[in-house]
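Step one of this worksheet: look at the structure below.
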Amino acid sequence: MDLKQHHEIKEKLYDFINSHKKRIYNFDSLKRVALTEMSKESWQEWEDYICRISDDELERLRHYITFDPIKSYTKSYVEFIEQYEEITSIGTLKKLAREFYTEKTAKEFIKSFNRLYSRSEFARQCIYRAIQSNIKKRRDELKEVEPNEEWDAEAWHSLGIPTDEDGDPIGI
């Protein structure tokens, strides 16, 4: 196989993977989809190509097949939420981002978050569960704290607990 032929096969393979991204998630699914969409001879050519490529190229191909940007970005936001127990809402998530990052980075963080959150049910569910986990941790901590009569709305807010007009905690 000459270099030109090698490049053509590689390009066709990557185009095929890209056009069937929702159905291809590992090498077995690649083979299954390829055999349903094309001739056995064409698949055999790709299989020969895959067997001959270097370990580095094989690893790049594996990463290309398995990389899911939504899962990757969702994971980074969930890790951020889990890192800071005080994040008990999307509002506190954005507030902390503004505090921890430079103005430009915070804007990008929030813009990217909003785009992901509005477009992916998977992301919304994962983020919701992470926030709910933080709320549960905060409530468990509060069970150990004995509030006294002098506590005001500011004290409750410092624990991430919303209050009503009278300064009494909501949801406890």
Side-chain angles (χ1 to χ4, degrees), residues 10-11 13-34 50 53 55-147 151-165 167-172:
K10 178 180 178 179
E11 194 172 298
L13 176 61
Y14 276 79
D15 287 345
F16 182 83
I17 293 167
N18 199 36
S19 65
H20 295 85
K21 198 72 172 155
K22 292 185 179 191
R23 295 171 53 202
I24 298 174
Y25 46 87
N26 61 24
F27 284 116
D28 289 336
S29 63
L30 169 62
K31 182 177 182 178
R32 187 180 61 253
V33 172
I50 292 169
I53 59 177
D55 289 345
D56 289 342
E57 280 186 89
L58 186 62
E59 191 55 39
R60 278 193 292 277
L61 178 60
R62 183 184 332 279
H63 179 73
Y64 187 78
I65 290 172
T66 60
F67 180 71
D68 183 344
I70 290 176
K71 287 182 181 176
S72 178
Y73 294 134
T74 300
K75 182 181 177 188
S76 66
Y77 287 110
V78 167
E79 287 172 352
F80 183 82
I81 292 167
E82 290 172 343
Q83 186 177 359
Y84 301 101
E85 285 185 11
E86 60 267 31
I87 299 176
T88 55
S89 69
I90 291 175
T92 53
L93 168 79
K94 292 176 181 180
K95 180 182 170 195
L96 279 177
R98 287 185 195 101
E99 288 176 15
F100 293 145
Y101 298 128
T102 64
E103 183 179 343
K104 183 179 178 182
T105 305
K107 281 184 180 180
E108 283 300 314
F109 179 93
I110 293 167
K111 181 179 173 184
S112 175
F113 174 83
N114 287 340
R115 189 178 318 117
L116 177 69
Y117 193 81
S118 67
R119 294 182 182 171
S120 169
E121 179 64 27
F122 170 78
R124 279 192 297 279
Q125 290 300 317
C126 291
I127 291 165
Y128 174 80
R129 283 193 299 273
I131 289 174
Q132 290 302 312
S133 175
N134 280 357
I135 290 171
K136 183 181 180 327
K137 289 175 193 170
R138 299 291 277 196
R139 287 194 175 139
D140 291 345
E141 287 173 10
L142 283 176
K143 288 177 183 174
E144 298 171 10
V145 175
E146 289 294 323
W151 279 41
D152 60 4
E154 189 175 321
W156 287 111
H157 286 261
S158 71
L159 293 172
I161 306 298
T163 59
D164 60 17
E165 308 84 43
D168 296 324
I170 297 174
I172 296 181

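What's counted below: heavy atoms across the whole structure, side chains too, no hydrogens, waters or symmetry copies.
Distance check: Asp56 CG to Leu61 CG gives 12.5 Å after rounding to the nearest 0.5 Å. Here the OG atom belonging to Ser89 is positioned 10.0 Å from the CD1 atom belonging to Ile81, to the nearest 0.5 angstrom. Distance CG/Leu93 to CZ/Arg98: 9.5 Å, rounded to 0.5 Å. In this structure, the separation between CZ on Arg115 and CD1 on Ile110 is 13.0 Å, given to the nearest 0.5 Å. Here OG1 of Thr88 is found 9.5 Å from CZ of Arg139. Values are rounded to the nearest 0.5 Å. With values rounded to the nearest 0.5 angstrom, Asp15 atom CG is found 11.5 Å from His20 atom NE2.
With a 6.0 Å cutoff to the six-membered ring centre and a 45° limit on the axis angle, Lys21 counts as a cation-pi contact of Tyr64.
With sequence neighbours excluded, the residues that form a side chain to side chain contact (heavy atoms under 4.5 Å, CB included) with Ser29 are Ile24, Tyr25, Asn26, Arg32.
Residues Asn134 and Ile131 are not in side-chain contact: their nearest non-hydrogen atoms beyond the backbone lie 4.5 Å or more apart. Counting heavy atoms from C-beta on, the side chains of Thr92 and Glu86 never come closer than 4.5 Å. Inter-residue side-chain proximity for Lys94 and Phe113 is flagged as met; some heavy-atom pair is nearer than 4.5 Å. Considering only heavy atoms from C-beta on, Glu57 comes within 4.5 Å of Arg60 through its side chain.
Checking side-chain atoms of His63 against main-chain N and O of Glu59 turns up no donor-acceptor pair under 3.5 Å. Thr66 places a side-chain N or O within 3.5 Å of a backbone atom of Arg62 that can act as its donor or acceptor partner. Judged by distance alone, with hydrogens and angles left aside, the side-chain atoms of Ser118 form a donor-acceptor pair with the main-chain N or O of Asn114 at under 3.5 Å.
Shortest non-hydrogen contact noted between Ala97 and Phe109 is CB-CD2, 3.4 Å. The shortest heavy-atom contact between Ile17 and Ile65 is CD1-CG1, 3.7 Å. Residues Val78 and Ile127 share a closest heavy-atom pair of CG2-N, 4.2 Å.
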- Report the C-alpha distance between Lys136 and Gln132 in whole Å, list the side-chain angles of each, state the deciding distance to 0.1 Å, and finish with yes or no for side chain to side chain contact (heavy atoms under 4.5 Å, CB included). CA-CA 6 Å; Lys136 183 181 180 327; Gln132 290 302 312; over 6 Å; no
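Salt bridge Glu103/Lys107: present, at least one basic N to carboxylate O contact under 4.0 Å.
Within the structure, the salt bridge (Lys or Arg N to Asp or Glu O under 4.0 Å) test picks out the following pairs touching residues 117-127 (sequence neighbours left out): Glu121-Arg124. Within the structure, side-chain hydrogen bond (donor to acceptor under 3.5 Å, both in side chains) contacts touching residues 69-85 (residues at least two apart or in different chains) are Tyr77-Ser112.
The 12-atom threshold is not exceeded at NZ of Lys31, counting heavy atoms of other residues, nucleotides or ligands nearer than 6.0 Å.
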